[in-house]
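Predicted, not measured: the structure shown is a model, and the values here were computed from it.
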Amino acid sequence: MTQNSRFSISSFTLHVLAMGLMLCDHAWAILFPAAEWLTCIGRIAYPIFAFMIVEGYTHTHNLRLYMLRILLWACLSEIPFNIMYGGSVFYPFHQNVLWTFLESLLLIILIEKCRKRFRKAIAMILFAGITFLGFVLGYATMVDYYGVGVLTVLIFYFFRGQTWKKRLIQFICLYILNVELLGGYYYTFQIFGHEIEFVQQGLALIALIPIWLYQGRQGFHNKIFQYACYAFYPVHVTILIFLRYWLFK
């Protein structure tokens with residue numbers, strides 16, 4: 001075992017970590033709204049999922065099947081998400097996070113087509129235009145995390161790699177997205193007589209630690225775990241909703 005692998009984590013670990021953090025966030029939203037620490041640590045989940053979507057795109061052997069799976073589970077997740085977020089079976093004002101990932105993948109495919117067809121200077125201009133389109137589209141379609149969610153995926157796509165420069169750009173971009181654009185809710189602390197404001201969504205930057213510890217190792221993987229990862233989203237939300245009904249009826 002090399003020194004690098006000793007401190008690295010696998011794709012399996014990232015998936016389990018992200019699912020556990022998402023569970024905490026949704027447990028707060030559905031069962032324990034007073035336990036804000038649950039949603040605080042839940043902030044870490046989305047960047048990990050966004051990163052893994054890019055890894056999935058990069059390593060999949062069948063992109064069409066990969067996207068069809070996400071589309072299928074996005075549809076299956078819609079009713080549980082609507083009940084959780086809007087309190088009704090039909091809630092058209094916000095869409096679940098799998099639609100965010102699907103839109104992001106479609107934009108990545110468009111970017112790749114531009115990369116292959118146009119010269120670098122023209123392609124760079126088109127990349128900027130597609131990125132802006134993704135930001136607007138995320139808000140127009142009201143997917144989870146809106147345009148910021150789409151941009152998060154694109155950041156991990158554009159700056160995929162382990163060099164310090166790419167990691168620095170990832171950090172700066174995630175800071176802008178989560179603290180400057182999504183930083184509406186914050187906590188106030190007194191430290192040495194000075195009032196410090198801490199943005200809750202800024203906790204999402206902690207996700208970069210496990211992401212940077214990932215060195216491309218897959219770890220445990222089989223078909224059961226693969227489908228469990230897809231099913232986790234609608235299944236755990238449904239279970240939490242039934243628990244709320246059973247506990248608070």
Side-chain angles (χ1 to χ4, degrees), residues 9 12-53 77 80-87 93-101 104 138-139 142-153 155-156 167-168 170-214 229 232-241 243-244 247-248:
I9 62 178
F12 169 79
T13 304
L14 277 180
H15 276 99
V16 172
L17 176 61
M19 288 188 291
L21 292 167
M22 175 185 277
L23 176 60
C24 290
D25 192 36
H26 291 163
W28 165 80
I30 298 173
L31 292 178
F32 311 110
E36 285 198 23
W37 66 271
L38 286 171
T39 190
C40 285
I41 63 175
R43 301 301 90 207
I44 306 170
Y46 183 78
I48 299 176
F49 280 117
F51 173 80
M52 295 310 297
I53 282 293
S77 301
F81 181 84
N82 288 344
I83 295 173
M84 175 183 69
Y85 202 92
F93 306 107
H94 202 73
Q95 317 307 322
N96 72 72
V97 74
L98 295 177
W99 295 110
T100 313
F101 295 147
S104 302
Y139 280 96
M142 296 178 286
V143 293
D144 205 17
Y145 283 93
Y146 300 99
V148 170
V150 175
L151 289 190
T152 302
V153 178
I155 285 166
F156 286 119
R167 289 181 173 181
L168 178 60
Q170 289 174 7
F171 177 83
I172 293 172
C173 289
L174 260 63
Y175 177 87
I176 293 171
L177 293 180
N178 289 280
V179 177
E180 300 297 331
L181 295 183
L182 290 181
Y185 188 79
Y186 60 88
Y187 302 102
T188 302
F189 300 95
Q190 289 286 340
I191 301 179
F192 301 115
H194 297 281
E195 189 174 89
I196 305 296
E197 293 180 354
F198 181 81
V199 177
Q200 184 194 79
Q201 188 60 35
L203 290 166
L205 274 71
I206 297 175
L208 290 173
I209 297 174
I211 288 171
W212 291 347
L213 288 174
Y214 170 71
C229 288
F232 174 79
Y233 189 57
V235 169
H236 88 275
V237 172
T238 302
I239 291 173
L240 289 173
I241 291 169
L243 282 174
R244 180 177 65 185
L247 292 172
F248 304 111

Closest approach of [X] to [Y] (non-hydrogen atoms, all atoms of both residues):
X      : Y      : result
Val237 : Ile30  : O-CD1, 4.1 Å
Val199 : Gly183 : CG1-CA, 3.3 Å
Tyr233 : Ser77  : CD2-OG, 3.3 Å
Leu240 : Ala27  : CD1-N, 3.8 Å
Thr152 : Ala50  : CG2-CB, 3.8 Å
Leu14  : Ile9   : CD2-CD1, 3.7 Å

Rounded at 0.5 Å granularity, tell me how far [atom1] in [X] sits from [atom2] in [Y].
X      : Y      : atom1 : atom2 : result
Trp28  : Glu36  : CH2   : CD    : 7.0 Å
Thr13  : Tyr214 : OG1   : OH    : 10.5 Å
Ile206 : Leu174 : CD1   : CG    : 12.0 Å
Thr100 : Ile53  : OG1   : CD1   : 10.0 Å
Leu21  : Thr39  : CG    : OG1   : 11.0 Å
Met22  : His236 : CE    : NE2   : 6.0 Å

Quiz item: Within a radius of less than 6.0 Å around OH of Tyr186, do more than 12 heavy atoms belonging to other residues, nucleotides or ligands occur?
Solution: no
Quiz item: Should the heavy atoms of other residues, nucleotides or ligands under 6.0 Å from OH of Tyr175 be counted, would the total exceed 12?
Solution: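 For Tyr175, atom OH is not crowded (no more than 12 foreign heavy atoms under 6.0 Å).
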Quiz prompt | Summary of salt bridge (charged side-chain N to carboxylate O under 4.0 Å, His left out) pairs that have at least one residue in residues 20-34, sequence neighbours excluded | solution = Asp25-Arg43
Exercise. Please step through ring pair (Phe, Tyr, Trp, His ring centres under 6.0 Å) for the pair Tyr145 and Phe101, ending with a clear verdict.
Key: CA-CA 10 Å; Tyr145 283 93; Phe101 295 147; 9.1 Å; no
Contact check, side chains of [X] and [Y], non-hydrogen atoms, under 4.5 Å:
X      : Y      : value
His94  : Phe81  : yes
Phe171 : Leu205 : yes
Leu203 : Phe198 : yes
Asn82  : Phe93  : no
Gln201 : Leu181 : no
Arg244 : Phe32  : no
Phe51  : Gln170 : no
Leu177 : Leu182 : no

Quiz item: Do Tyr85 and His26 have their ring centres less than 6.0 Å from each other?
Solution: no
Quiz prompt | Ring centres under 6.0 angstrom apart (Phe156, Phe49) | solution =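 Between Phe156 and Phe49, the centre distance exceeds or equals 6.0 Å.
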Quiz item: For the side chain of Tyr46 and the backbone of Gly149, is there at least one donor-acceptor N/O pair under 3.5 Å apart?
Solution: yes
Quiz item: In chain order, what residues pass the side-chain contact (heavy atoms from CB on, under 4.5 Å) check against Ala207, with sequence neighbours excluded?
Solution: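 Residues passing side-chain contact (heavy atoms from CB on, under 4.5 Å) with Ala207: Ile44, Pro47, Ile48, Ile211.
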